Structure formats: C-alpha cells, structure tokens
Amino acid sequence: MAESMKGMHRTCRVAEVTEEMIGKEITLMGWVQKSRNKGGIIFVDLRDRSGIMQLIFDSAKTDQETYDKAAKLRSEFVIAVKGVLQKRAGEANTKLTTGNLEVQVSYLRILSESEVPPFQIEENSKTKDEIRLQYRYLDLRRPDLQRNMKLRSEVAYYTREFFHNEGFMEIETPMLGKSTPEGARDYLVPSRVHPGSFYALPQSPQLFKQLLMCSGYDRYIQLARCFRDEDLRADRQPEFTQIDMELSFVDVDDVIDVNERFLKYLFKKTLNVDVKTPIPRMTWIEAMNRFGSDKPDVRFGMELVDVSDVVKDFDFVVFKNALAKRDGSVRGINVKGQGDMGRKQIDKLVEMAKGMGAGGLAYIQLKTDGTVKSSFAKFMTEDQEKALIEKMGGEKGDLLLFAADRNKIVWNVLGQLRLHFRDELHLVRKDDFNFLWIVEFPLLEWSDEENRYMAMHHPFTMPMEEDWDKIDTDPGSVRAKAYDITLNGNEIGGGSVRIHQDDIQEKMFQVLGFTKERAWSQFKFLLTAFKYGVPPHAGLAYGLDRLVMLMAQADTIRDVIAFPKVKDASDLMTEAPSRVEQKQLDELGLEVPPEEK
RNA sequence: GGCCCAGUGGCUCAGAUGGUUAGAGCGCCGCCCUGUCACGGCGGAGGUCAUCGGUUCGAUCCCGAUCUGGGUCGCCA
C-alpha cells in the first residue's frame with residue numbers, strides 16, 4: 001500500500017550526509033536496494049542517485065509496527081525513513097562511501113511498493129540490451145548508467161560555461177526546416193497547412209549558423225539536436241546531439257586554438273585529465289599513408305609501408321594489375337610476433353580483407369623456426385623476397401600482410417586490419433586519451449556512383465588558396481581548409497573554414513555539377529544573404545554522444561543516451577514509430593500502405 | 001538491402017549421436033536466524049527450449065522460413 005509523504009521532508013540524498021550529522025535525526029527517501037533480515041534485526045540498503053546508505057531496524061529499539069513493516073520491504077520499494085545517523089556499530093563496509101555510517105530507523109513509510117523487477121538493478125548488468133531497453137526506466141537506475149548521465153550533464157554544463165566565457169552566444173535554430181537532398185536521408189514531417197509539402201528535421205544547423213555569422217553574431221554555439229535517417233551502428237543513433245559552433249573573422253588556427261583550450265578545460269573539469277596542448281596535427285595524406293585512416297589511432301605503430309617500388313618487377317599479376325590502376329599501389333603492414341599464425345586464422349584475415357573490398361590479401365610468414373612461407377613465393381626471386389622483407393622491417397616471428405589495389409581500398413583494408421590487431425592483441429589502453437587534429441582534407445571526392453566529384457565535407461568548404469589554381473586541371477588534388485579532431489582513432493568533431501566569396505562559391509557549385517538554377521533553388525536564402533555583406537567565418541561541430549561515450553569508456557553510444565533507439569531505429573520502450581489514426585492522415589492528405597497482418 | 005553472431009525458468013548461462021522426470025548460479029516464495037553487507041540455514045514454486053513448417057516412430061536438438069536483438073558492409077555531403 002502506498003503511503004503519503006505528508007509531513008516528511010528529505011534532509012538530503014542518502015550518500016550526501018556529512019560527519020556533522022552523526023547523532024542527529026535525519027529523513028531519507030529512496031529505493032530499497034536490498035534487505036537482509038537476520039531475525040531480530042533487519043538491514044536495508046537504501047539507494048538513490050547519490051549512492052547507498054544502510055538502514056537498521058532493531059526489534060529491541062523500534063516499535064513492533066515499524067519492525068513488522070520493515071520485514072515486508074522488497075527490492076525497489078520506495079520508502080521514507082526517519083532515524084538517527086550513527087557510526088556503524090559493526091564492521092565498516094569499505095566498498096561504500098557511507099560504509100562507516102548507518103541510520104537507526106525509528107519511523108518508516110512505504111511510499112510505493114514494487115513488483116519484482118525483470119532484472120536486478122545492479123552495476124555491470126549482463127542483461128541483454130533488448131530487455132534493458134524495454135524497461136529503460138529501470139535500466140537507468142543502475143549506477144553505471146547514472147554515472148554516464150551525470151558525466152553527460154557535466155559535459156553539457158562545462159561546454160556552455162567555457163564558450164559563454166569566451167564570448168559565444170547560444171542561439172537555437174529551427175527543428176522544422178527545408179529538405180536538402182545532398183547528404184544523409186532526411187526525416188520528413190508532413191505539413192497540415194500545405195498538403196503534399198514537408199519539413200525536414202535538421203541533419204545539422206549548418207546553413208543557419210552561417211546565416212547567424214551574416215547577421216553579425218560573431219561567435220555562436222548550440223547544443224543542437226540533429227537527425228539522420230540512416231542505419232544505426234554501435235556509435236550512431238538516428239537522433240543525436242552536436243556541440244555546434246561558428247566563428248567570424250577567423251581562420252583555421254583560430255578555431256583550433258579555442259577548441260584546444262575547450263578540450264583541456266572540459267577534460268580537466270569532468271575527468272581530471274590533463275590534455276596536452278597544442279594537440280598534434282597531421283595532414284590527411286600523411287594519416288592515410290601511415291595509418292590507412294582519416295581518424296588514425298596513433299597510440300600504436302604497425303604503420304603502413306608503401307612497397308610499390310620494391311614489387312614493381314615481381315612476376316605477380318595481382319601486384320602488376322594494382323600498379324597499373326590510377327592511384328594504384330601495393331602496401332603492407334608488419335604484424336610483429338604473429339609469424340606462426342595458423343592457416344585457419346590467416347584465411348580469416350583474407351576473408352576480412354575481401355569483405356572490405358579487396359580482391360585478397362597477400363602474406364609472408366616469417367616463422368620462428370627460420371622458415372619463410374608466402375602466398376606468392378613462386379612469383380618472386382629469392383633476392384626480391386629478401387628486398388621486400390627488408391623494406392617491411394621483417395624479422396623472425398613476424399607476419400607481413402600486403403594489399404594491392406587502388407589507394408582507397410589499400411588504405412581501408414590495411415587500416416582496418418591494423419585496428420583488428422589492436423583489439424586482438426590488446427595493443428592500447430582504454431583510459432589513454434590521445435587527441436589528434438587531421439587537417440588539409442581533400443576538397444572533393446570522386447564518386448563512381450554519381451560519376452562526378454562530390455564535396456568531401458560540404459559545398460561551402462573553403463579550398464586552400466595555394467591549391468585553387470588546380471581546380472580545373474586536377475580537382476582531386478585541391479585541398480580544403482577542413483579539419484577533424486580525433487580521439488583514440490575516433491572522429492569526435494569536424495569543421496571547416498567556409499567560402500564567403502561568391503566567385504569561389506559559384507565555381508564550387510560548377511565543379512560539383514550544380515547548375516546555377518539548381519544551386520539557387522536549393523540555397524537561395526544563403527546565396528542571397530551572402531550578397532549583403534558576409535564576414536569570413538569558420539566552424540566546428542562535435543558529436544556530443546560519441547565524445548561522452550569515449551569519456552565514459554562505454555562500448556556503445558546507447559549507454560550515454562537516456563532513451564536510445566535500437567538497430568531498426570525503433571524505440572523498444574514506447575514502441576515508436578507507430579501507426580496513426582486515419583483522421584490524422586486525412587488532415588495531412590496522406591495515404592499510407594495498409595497494416596501488414 | 002548483404003554478411004556474421006545470438007535466442008533454453010524472471011536474469012545470466014550449461015546441456016543432450018534425435019529418446020522417460022531439461023540442469024546450475026542469481027532472483028522469487030515460505031520458515032528459521034540480533035551485526036549483515038555477494039549474509040547464512042532448511043524447504044519450495046517456476047520452462048509451449050523465440051515462432052511456423054518440414055524430415056522422423058519420436059524434434060528443444062537436424063533442415064527451411066520467419067521474428068527479435070546485437071555486430072558489420074553498403075549508407076552516414
């Protein structure tokens with residue numbers, strides 16, 4: 001039976017008691033974590049978001065009615081107790097911050113009873129995601145999720161504080177906007193007033209923040225909700241939050257400077273971690289050549305080695321074909337100490353490589369017994385083999401893996417294998433925070449599918465002045481004033497300097513295959529705004545969820561989002577998305593497929 | 001959309017060449033216990049072995065499809 005809390009007032013959270021309160025009567029409220037009835041004395045662990053406090057019901061000291069009531073307490077009952085805070089009479093519990101304290105209860109109210117929960121409310125739950133998410137309100141009671149939510153709240157707080165002190169203004173941009181077919185799929189919202197017309201939920205506030213620069217707001221920040229109707233991943237949700245910013249009268253170094261100070265401040269305040277500044281910078285091409293990734297994990301070696309020159313005369317058709325391709329190369333990695341790997345495991349690696357788009361994976365095993373086994377031994381002379389091993393720095397016991405194809409594929413295959421071995425061989429520590437800027441991204445990326453160049457970042461990204469003269473002759477070689485901030489091999493943010501000169505913008509649209517008409521119909525408001533005095537500006541956006549995930553050392557982004565969605569973008573708790581009543585559809589002038597039975 | 005993994009009491013898992021009563025730990029219920037805190041002792045309840053179909057004398061186990069969840073590729077300017 002649920003009782004009222006009338007007349008009772010919570011003194012503080014259960015683990016927020018102080019030494020001065022010892023001997024005083026206090027009132028606590030929370031959930032029953034656990035009850036241990038010894039017969040004659042009952043111990044109850046009372047839990048709230050601050051922690052746990054042990055309650056004592058002693059048959060010799062409490063009245064019979066209270067004692068009998070205490071005997072009825074079960075897990076997750078919500079109770080209010082009045083009693084004297086005291087030093088523990090028995091052994092202290094070193095695992096609790098309140099382990100040397102307890103409350104001798106004189107008065108108990110059961111504010112709410114609870115059914116037996118479907119899983120135990122405890123740290124490091126092994127319960128499968130499906131059930132946790134169905135009962136998310138119970139899952140969120142678990143201490144590890146409460147810690148993550150607290151960290152997330154603090155990240156948001158210190159972010160606002162830092163940027164406020166730096167003169168940034170937080171300005172909200174619309175959730176109901178205009179659909180732009182470039183980029184990710186939009187979530188669409190039908191308009192009742194304009195049947196057949198749709199708003200789109202924002203993928204990012206990109207264009208609005210540029211307009212705010214046109215309006216003179218100088219330094220803008222927003223913790224912005226964004227939406228992308230694409231498939232989910234362990235680190236990707238359909239709705240997510242960005243720390244979104246834009247600055248006027250700045251260049252690359254200015255954006256990097258304020259953000260390095262931000263990261264230093266944030267990590268110190270929230271995790272007490274010292275971020276060393278300046279954060280190192282690496283160009284995109286160096287990252288790709290050395291690590292096969294534009295978000296390299298540089299905490300360990302196993303760097304890519306370009307062996308194209310060494311193998312160019314090998315009588316191996318796979319290598320020859322690769323080198324004949326545009327942007328083709330042969331590169332390898334040296335997996336130290338794995339030369340004795342079994343055939344089965346190697347086959348698995350080859351399969352992995354094929355899954356990443358490679359035709360296969362060539363290898364040389366330098367076994368510890370001194371023998372050498374290679375998948376392409378018959379296509380090279382002994383001297384050639386020796387030269388290749390030497391180029392790779394191969395020693396007894398090493399495994400040399402080679403990919404041959406267009407650079408894009410070679411980088412991807414070896415870059416991913418490198419990460420595979422990082423995890424397999426435990427080459428890094430999780431609590432190590434290694435930041436790295438990646439700069440000088442290519443401006444454009446060729447799309448085979450569209451048969452044209454696409455913007456690597458977005459169409460408003462400023463090219464590097466020194467490359468601009470190559471925009472007609474060799475567009476693929478033009479670098480952009482774009483930058484990403486990475487942490488331990490994850491992209492946590494990215495941005496660019498934006499184009500503010502209309503002649504460059506016009507040329508960009510032309511290169512991207514936009515007709516003047518299409519560019520104008522799509523971005524009329526922006527292009528018009530740019531006619532009325534636009535300052536040079538640049539910005540950056542962090543993925544807040546992914547950042548907090550890494551800070552919390554969580555394995556999935558779901559663990560830092562209160563109410564996340566599952567793989568098919570549905571919510572197991574609310575069962576959204578759901579069908580709606582015909583009346584709603586009629587008002588919108590919409591027809592939808594009939595429900596499947 | 002493709003590929004891979006998983007689905008057995010409330011939770012986490014084990015299991016059987018295909019054969020009587022499918023096990024364990026935790027949780028739950030009852031009784032006992034005045035210093036426990038992974039409390040302890042005794043007793044007990046609880047299972048369409050994800051669903052549908054096939055093979056078989058017989059299927060939780062083999063086969064196929066489906067569903068659910070996870071990972072990943074495509075996708076994510």
Side-chain angles (χ1 to χ4, degrees), chain A residues 33-46 52-62 67 71 74-76 88-96 98-100 102 104 115-135 138-139 180-186 203-204 206-207 226-238 240 348 351-352 354-357 412 416 420 441 443-445 447 449-450 452-461 480 482 491 494 496 508 512 514 522 543 546 555-556 558 565-568 570 572 596:
Chain A
Q33 175 68 29
K34 181 92 184 164
S35 161
R36 291 177 294 279
N37 189 336
K38 291 294 295 176
I41 186 166
I42 301 169
F43 300 94
V44 172
D45 291 335
L46 184 63
I52 281 179
M53 173 63 78
Q54 174 164 283
L55 310 177
I56 308 284
F57 296 87
D58 191 330
S59 57
K61 294 177 186 164
T62 39
Y67 187 80
R74 295 292 181 269
S75 290
E76 303 310 313
R88 283 204 185 186
E91 284 283 296
N93 183 346
T94 52
K95 288 176 199 155
L96 293 179
T98 60
N100 63 335
E102 62 191 11
Q104 183 79 46
E115 290 184 15
V116 176
F119 54 89
Q120 278 151 269
I121 311 300
E122 60 189 1
E123 198 150 3
N124 301 319
S125 175
K126 283 181 183 151
T127 304
K128 46 172 93 71
D129 288 4
E130 190 177 350
I131 296 163
R132 287 175 50 198
L133 290 172
Q134 206 177 323
Y135 298 93
L138 298 181
D139 197 30
T180 51
E182 285 259 320
R185 229 171 264 122
D186 285 321
Q203 297 179 26
S204 99
Q206 181 59 39
L207 299 177
C226 303
F227 304 84
R228 288 177 191 174
D229 188 5
E230 297 291 348
D231 285 349
L232 281 69
R233 286 286 188 281
D235 63 353
R236 223 159 69 191
Q237 283 274 311
F240 57 100
K348 237 181 173 174
E351 281 312 306
M352 278 177 64
K354 283 181 179 168
M356 299 165 204
N412 185 35
Q416 291 211 47
H420 167 76
F441 277 75
L443 182 68
L444 304 163
E445 190 178 27
S447 164
E449 217 171 85
E450 304 263 327
R452 66 172 173 94
Y453 278 105
M454 311 262 286
M456 195 149 181
H457 194 53
H458 58 57
F460 313 104
T461 303
E491 179 198 331
S496 63
M508 264 300 278
L512 292 172
F514 277 77
Q522 194 93 198
R546 199 176 292 173
D555 293 322
T556 138
R558 291 188 297 273
K565 295 186 172 55
V566 296
K567 189 179 171 152
D568 70 351
S570 64
L572 295 181
E596 283 173 41

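For clarity, every value in this text was computed on a predicted model and none was experimentally measured. Quick note on labels: first sequence line is chain A, next is B, and so on, each numbered from 1. What's counted below: heavy atoms across the whole structure, side chains too, no hydrogens, waters or symmetry copies.
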Over all strands shown, is A/Glu102 touching base, sugar-phosphate only, or nothing at heavy-atom distances under 4.0 angstrom? base
Atom pairs, protein N/O to nucleotides 72-74 of chain B N/O, distance under 3.5 Å:
residue : atom : partner  : partner atom : Å
B/U72   : OP2  : A/Ala234 : N            : 3.2
B/U72   : O4   : A/Lys567 : NZ           : 2.9
B/C73   : OP2  : A/Arg233 : NE           : 3.3
B/G74   : N7   : A/Arg233 : NH2          : 2.9
B/G74   : O6   : A/Arg233 : NH1          : 3.1
B/G74   : O6   : A/Arg233 : NH2          : 3.1
B/G74   : N1   : A/Asp231 : OD2          : 2.8

Rounding to 0.5 Å, atoms CZ (A/Phe227) and CZ (A/Phe240) come to a distance of 9.0 Å
Checking contacts here: which listed nucleotide (B/U68, B/C33, B/C11) is nearest the side-chain heavy atoms of A/Asn37? B/C33
d(CD1, A/Ile52; P, B/U36) in whole Å: 18 Å
Out of B/C37, B/G35, B/U12, which has the shortest distance to the side chain of A/Asn93? B/C37
Nearest nucleotide by nearest heavy atom, which residue falls closer to the 5' end of RNA chain B, A/Leu572 or A/His458? A/Leu572
Rounded distance in Å between the P positions of B/A65 and B/C75: 27 Å
For A/Asp45, the side chain to side chain donor-acceptor pair (under 3.5 Å) test, sequence neighbours excluded, returns A/Arg36
Look only at the side chain of A/Ser59 and the backbone of A/Gly40, and say whether a donor-acceptor pair between them is shorter than 3.5 Å. yes
Map A/Leu133 and A/Phe460 onto RNA chain B by nearest heavy atom, then report which one ends up closer to the 5' terminus. A/Leu133
For A/Glu91, answer base if it contacts any base atom (sugar-phosphate contacts may also be present), sugar-phosphate if it contacts only those atoms, and nothing otherwise; contact means non-hydrogen atoms under 4.0 Å. base
Sorted by chain and residue number, the ring pair (Phe, Tyr, Trp, His ring centres under 6.0 Å) partners of A/His458 (sequence neighbours excluded) come out as A/Phe460
Does the distance from a Lys or Arg side-chain N to an Asp or Glu carboxylate O, for A/Arg185 and A/Asp229, drop under 4.0 Å? no
Under 4.0 Å between any heavy atoms, over every strand shown, what does A/Lys126 touch: base, sugar-phosphate, or nothing? Just pick one. sugar-phosphate
Let me confirm one number: the NZ-CD1 distance from A/Lys38 to A/Ile56, rounded to the nearest 0.5 Å. 12.0 Å
Report which part of the nucleic acid A/Asp229 touches: base, sugar-phosphate, or nothing (heavy-atom distance under 4.0 Å, all strands). nothing
Counting side-chain heavy atoms from CB outward, which of B/A77, B/U12, B/G70 is closest to A/Pro459? B/A77
Describe the nucleic acid contact of A/Leu96 in one word from base, sugar-phosphate, nothing, applying a heavy-atom distance below 4.0 Å. nothing
So what does A/Ala184 hit on the nucleic acid, given a heavy-atom distance under 4.0 Å: a base, only sugar-phosphate, or nothing? sugar-phosphate
Nucleotide opposite B/C49 in a Watson-Crick or G-U pair, distances under 3.5 Å: none
Taking only residues two or more places apart in sequence, or in another chain, which ones meet A/Gln104 in a side chain to side chain donor-acceptor pair (under 3.5 Å)? A/Gln86
Between B/G71 and B/G10 - P atom distance, rounded Å: 25 Å
Using the C1' atom in both, what is the distance from B/U60 to B/C52, to the nearest Å? 15 Å
Please check: side-chain N/O of A/Arg228 versus main-chain N/O of A/Gln203, any donor-acceptor pairing under 3.5 Å? yes
Output all residues satisfying side-chain contact (heavy atoms from CB on, under 4.5 Å) with A/Ser447, sequence neighbours left out; order by chain, then residue number. A/Glu449, A/Glu450, A/Met454
Could you list the residues that satisfy side chain to side chain donor-acceptor pair (under 3.5 Å) with A/Ser570, not counting sequence neighbours? A/Asp568
Ignoring hydrogens and angles, does a donor from either the side chain of A/Lys95 or the base of B/C37 sit under 3.5 Å from an acceptor on the other? no
Euclidean distance for C1', B/A16 against B/G54 (whole angstrom): 22 Å
With sequence neighbours excluded, what pairs up with A/Glu445 under the side-chain contact (heavy atoms from CB on, under 4.5 Å) test? A/Lys408, A/Met456
Tell me if a side-chain donor or acceptor on A/Gln237 pairs with a main-chain N or O of A/Lys565 at a distance below 3.5 Å. yes
B/U20 to B/C49 separation - P atoms, rounded to the nearest Å: 15 Å
Opposite nucleotide pairing with B/U34, Watson-Crick or G-U, both atom distances under 3.5 Å: none
Salt bridge (charged side-chain N to carboxylate O under 4.0 Å, His left out) partners of A/Lys61, counting only residues at least two apart: none
If you look at every strand shown and take non-hydrogen atoms under 4.0 Å, does A/Arg132 touch a base, only sugar-phosphate, or nothing? nothing
With hydrogens left out and only the distance checked, is there a donor-acceptor pair under 3.5 Å joining A/Gln54's side chain and the base of B/U36? yes
Under 3.5 Å donor-acceptor pair, A/Arg88 side-chain atoms to B/U36 base atoms: yes
Expressed as a whole number of Å, how far does the C1' atom of B/G7 sit from that of B/U12? 13 Å
Look at the side chain of A/Glu115 and the base of B/G10, then say whether one donor and one acceptor between them are separated by less than 3.5 Å. no
Please report, rounded to the nearest Å, how far the P atom of B/C37 is from the CD1 atom of A/Ile56. 12 Å
Between B/A24 and B/C42, how far apart are the P atoms? Round to whole Å, please. 15 Å
Could you list the donor-acceptor pairs under 3.5 angstrom formed between side-chain atoms of residues 116-125 of chain A and any protein atom two or more places apart in sequence or on another chain?
residue  : atom : partner  : partner atom : Å
A/Glu123 : OE2  : A/Arg147 : NH1          : 3.2
A/Glu123 : OE2  : A/Arg147 : NH2          : 2.3
A/Ser125 : OG   : A/Thr127 : N            : 3.1
A/Ser125 : OG   : A/Thr127 : OG1          : 3.1

Would you mind classifying the nucleic acid contact of A/Ser59 as base, sugar-phosphate or nothing, using non-hydrogen atoms under 4.0 angstrom? base
Of B/G69, B/U34, B/U36, the nucleotide closest to the side chain of A/Phe43 is B/U36
Using a cut-off of under 3.5 Å, enumerate the N/O to N/O pairs linking the protein to nucleotides 44-52 of chain B.
none

Give every pair of a protein N or O atom and an N or O atom of nucleotides 24-29 of chain B that lie under 3.5 Å apart, one pair per line with the distance.
residue : atom : partner  : partner atom : Å
B/C26   : O2'  : A/Gln120 : OE1          : 3.4
B/C26   : O2'  : A/Gln120 : NE2          : 3.0
B/G27   : OP1  : A/Lys34  : NZ           : 3.2
B/G27   : O4'  : A/Gln120 : OE1          : 3.4
B/C29   : OP1  : A/Arg74  : NE           : 3.0

Please state whether the base of B/C75 and the side chain of A/Arg228 form at least one donor-acceptor pair under 3.5 Å? no
Kindly point out which of B/G71, B/U34, B/C11 is positioned nearest to the side chain of A/Arg558? B/G71
Partner of B/A6 by Watson-Crick or G-U wobble geometry, both contacts under 3.5 Å, or none? B/U68
State which residues pass side chain to side chain donor-acceptor pair (under 3.5 Å) with A/Asn412; sequence neighbours excluded, sorted by chain then number. A/Gln416
Quote, to the nearest angstrom, the C1' distance that separates B/G9 from B/A14. 14 Å
Do A/Phe119 and the base of B/C11 stack face to face, with centres under 5.5 Å apart and an angle between planes under 30°? no
